[in-house]
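Okay, so here's the structure we're looking at.
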Protein chains: 2
Amino acid sequence: MGRWEPNARERLAKAALELYRERGYEQTTVAEIAKRAGLTERTFFRHYADKREVLFDGSGALQELAVSGVVGAPESAAPLDAMAAGLEAASGWFADRREHARQRQAVIVANAELRERELIKLASLSAALADALRGRGVAEPTASLAAEAGMAVFKVGFQRWIAEAEEATLSQLMRESMAELKAVTAHGQARPGR
Amino acid sequence: MGRWEPNARERLAKAALELYRERGYEQTTVAEIAKRAGLTERTFFRHYADKREVLFDGSGALQELAVSGVVGAPESAAPLDAMAAGLEAASGWFADRREHARQRQAVIVANAELRERELIKLASLSAALADALRGRGVAEPTASLAAEAGMAVFKVGFQRWIAEAEEATLSQLMRESMAELKAVTAHGQARPGR
DNA sequence: AGCGTCGATGACAGTCACTGACATCGACAG
DNA sequence: CTGTCGATGTCAGTGACTGTCATCGACGCT
């Protein structure tokens with residue numbers, strides 16, 4: 001495998017998160033990350049496309065999970081209910097990673113470049129979910145709107161899960177947020193949330 | 001004012017869009033943009049924070065417009081209806097800039113860094129609109145969800161306005177998208193869009 | 001044991017985005 | 001005519017990222 005120790009990729013990700021937390025993202029150089037991982041800067045860029053990507057290694061797996069949740073929803077499910085199934089699957093991905101997710105999210109919100117990268121990952125997720133809905137026969141623009149609405153639910157639910165001291169389950173918070181979204185978008189309603 | 005010709009900022013923005021269209025964003029250096037504008041690279045960075053920002057000069061004004069639309073909505077308006085008023089105001093900003101918006105959007109979608117920047121501008125807009133809703137007395141998470149839902153409508157409506165050859169008004173497309181969103185999120189509905 | 005292959009890593013030079021420090025120009029006030 | 005001041009030019013430097021080539025080390029084959 002590698003030239004020396006195995007798991008070079010994981011070592012780089014671990015070193016990066018540590019350093020970003022210790023001195024901040026901007027004050028950390030790629031050379032420092034590589035050195036802490038026992039590698040060189042050039043090798044870092046062979047594993048990760050850039051300095052930001054090292055924090056988003058799991059985004060591909062998360063996306064696959066969410067998509068499979070949508071695909072696996074009962075055929076009778078309405079678009080937004082299929083999205084809910086996708087969010088449920090995604091919630092499982094984070095379930096046992098709460099502390100890690102908190103640390104990582106604290107680093108991300110502290111830096112604009114990292115926030116940009118997170119947003120494009122969420123946009124990619126949204127596009128993949130819209131694709132899955134289309135695969136279920138949902139037409140445009142319904143598919144895109146349902147996917148974007150689902151992402152809104154995800155963002156709100158996830159943020160609460162990270163922020164709260166309570167021990168509410170991520171999937172619980174997702175369901176609550178979904179219910180609140182449906183309330184907000186309901187027709188002729190008496191101003192919810194006041 | 002300036003050392004030579006006036007409107008340095010506008011000249012830089014114009015030169016940048018031209019070059020990004022001619023050779024693509026990545027193949028254009030900041031030095032080339034500055035040279036075409038009759039300035040130096042250093043001066044470019046005095047007007048724009050980075051190579052991406054030059055394409056997003058109007059985002060602040062757009063955001064102010066949208067927020068004022070929400071603030072100015074009738075007090076009796078539900079959160080999502082206030083958002084619709086904000087989108088209506090934002091639509092006016094683009095009304096006479098359709099061709100420019102098309103060219104600019106074509107450049108943005110062709111490059112990942114520019115897409116990231118666009119997403120964070122939209123996120124900033126969403127946050128500002130949520131703030132405006134809170135100013136109207138809307139509680140969290142209703143405000144954030146309504147703002148995000150409104151952004152979903154904006155994205156879908158704007159993309160259609162850019163893509164279609166037809167002469168539909170942006171605000172018309174926004175209203176249609178809003179209606180479709182409400183249909184998707186309606187309870188117990190018979191699978192819209194199929 | 002000896003040998004060749006091959007993927008992962010190191011070494012090195014180079015480009016370009018971006019920044020700080022300082023000099024300079026040009027308009028304007030007095 | 002002169003001092004001020006904002007905008008620009010100049011220059012040196014850092015760090016992210018890339019292309020290229022050499023090298024190492026595991027593995028299979030003989």
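Chain A is the first sequence line, chain B the second, and so forth, proteins listed ahead of strands; every chain is numbered from 1. Every heavy atom of this structure was used, including side-chain atoms; hydrogens, water molecules and symmetry mates were not.
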Subject >> Results of salt bridge (charged side-chain N to carboxylate O under 4.0 Å, His left out) for B:K35 - residues two or more places apart only >> reply: none
Subject >> Inter- and intrachain pairs under salt bridge (charged side-chain N to carboxylate O under 4.0 Å, His left out), touching residues 123-132 of chain A, at least two apart >> reply: A:D131-A:R134
Original post:
Pairs in or reaching into residues 62-72 of chain A: which pass salt bridge (charged side-chain N to carboxylate O under 4.0 Å, His left out), with residues at least two apart or in two chains?
Top reply: none
Subject >> Sorted by number, the residues of residues 44-59 of chain B with heavy-atom contact under 4.0 Å to DNA chain C >> reply: B:F45, B:R46, B:A49, B:D50, B:K51, B:R52
Original post:
Using a cut-off of 4.0 Å on non-hydrogen atoms, how would the nucleic acid contact of A:A31 be classed: base, sugar-phosphate, or nothing?
Top reply: nothing
Original post:
Between D:dC24 atom P and A:L39 atom CG, what is the distance in whole Å?
Top reply: 17 Å
Original post:
Who are the salt bridge (charged side-chain N to carboxylate O under 4.0 Å, His left out) partners of A:E41, not counting sequence neighbours?
Top reply: none
Original post:
How many Å lie between CZ on A:R9 and P on C:dG7, as a whole number?
Top reply: 18 Å
Subject >> Residues forming a side-chain contact (heavy atoms from CB on, under 4.5 Å) with B:A16, sequence neighbours excluded >> reply: B:Y20, B:I33, B:V54
Subject >> Nucleotide of D:dG19, D:dT8, C:dG20 approaching B:R42 most closely (side-chain heavy atoms) >> reply: C:dG20
Original post:
Under a single-linkage rule joining Ile, Leu, Val, Met, Phe, Trp and Tyr whose side-chain heavy atoms are separated by less than 4.5 Å, which residues share a cluster with B:V109?
Top reply: none
Original post:
In whole angstroms, how far is the C1' atom of D:dA16 from the CG atom of A:N111?
Top reply: 14 Å
Subject >> Atom of B:Y25, atom of B:E113 and distance for their closest heavy-atom approach >> reply: OH-OE1, 3.3 Å
**OP:** Could you state the atom-to-atom distance from CZ of A:R23 to P of D:dG15 in whole Å?
**Re:** 11 Å
Original post:
So what is the end-to-end bend of the helix from C:dA1-D:dT30 to C:dG30-D:dC1, with 5 pairs used at each end and the value given to 10 degrees?
Top reply: 0°
**OP:** Could you check how far CD of A:E41 sits from P of D:dT14, rounded to whole Å?
**Re:** 14 Å
**OP:** May I have the distance from A:Q27 (atom CD) to C:dC18 (atom P), rounded to whole angstrom?
**Re:** 17 Å
Original post:
Counting side-chain heavy atoms from CB outward, which of C:dT9, D:dC11, D:dG19 is closest to A:T43?
Top reply: C:dT9
Subject >> Residue list, ring pair (Phe, Tyr, Trp, His ring centres under 6.0 Å) with B:F56, at least two apart or on another chain >> reply: none
**OP:** Report yes if a side-chain nitrogen or oxygen of A:T29 is closer than 4.0 Å to either non-bridging phosphate oxygen (OP1 or OP2) of D:dG15; otherwise report no.
**Re:** no
Subject >> Value in whole Å for how far the C1' atom of D:dG15 lies from NZ of A:K35 >> reply: 16 Å
Original post:
Can a donor-acceptor pair be found between the side chains of A:T185 and B:T185 at a distance below 3.5 Å?
Top reply: yes
Subject >> Of residues 12-21 of chain B, the positions that come close to DNA chain D - non-hydrogen atoms, cut-off under 4.0 Å >> reply: none
Original post:
What pairs with A:R175 under salt bridge (charged side-chain N to carboxylate O under 4.0 Å, His left out), at least two apart in sequence or on another chain?
Top reply: A:E88
Without placing hydrogens or testing angles, list every side-chain donor-acceptor pair under 3.5 Å for residues 118-129 of chain A, not counting sequence neighbours.
unit_1, atom_1, unit_2, atom_2, d
A:E118, OE2, A:Q105, NE2, 2.8
A:K121, NZ, A:E53, OE2, 2.6
A:S124, OG, A:Q63, OE1, 2.9
A:S126, OG, A:E148, OE2, 3.4

Original post:
Atom CD of B:E113 to atom P of C:dA17: distance rounded to whole Å?
Top reply: 10 Å
**OP:** Could you check whether the rings of B:W161 and B:F158 sit parallel, tilted or perpendicular, using 30° and 60° as the cut-offs?
**Re:** tilted
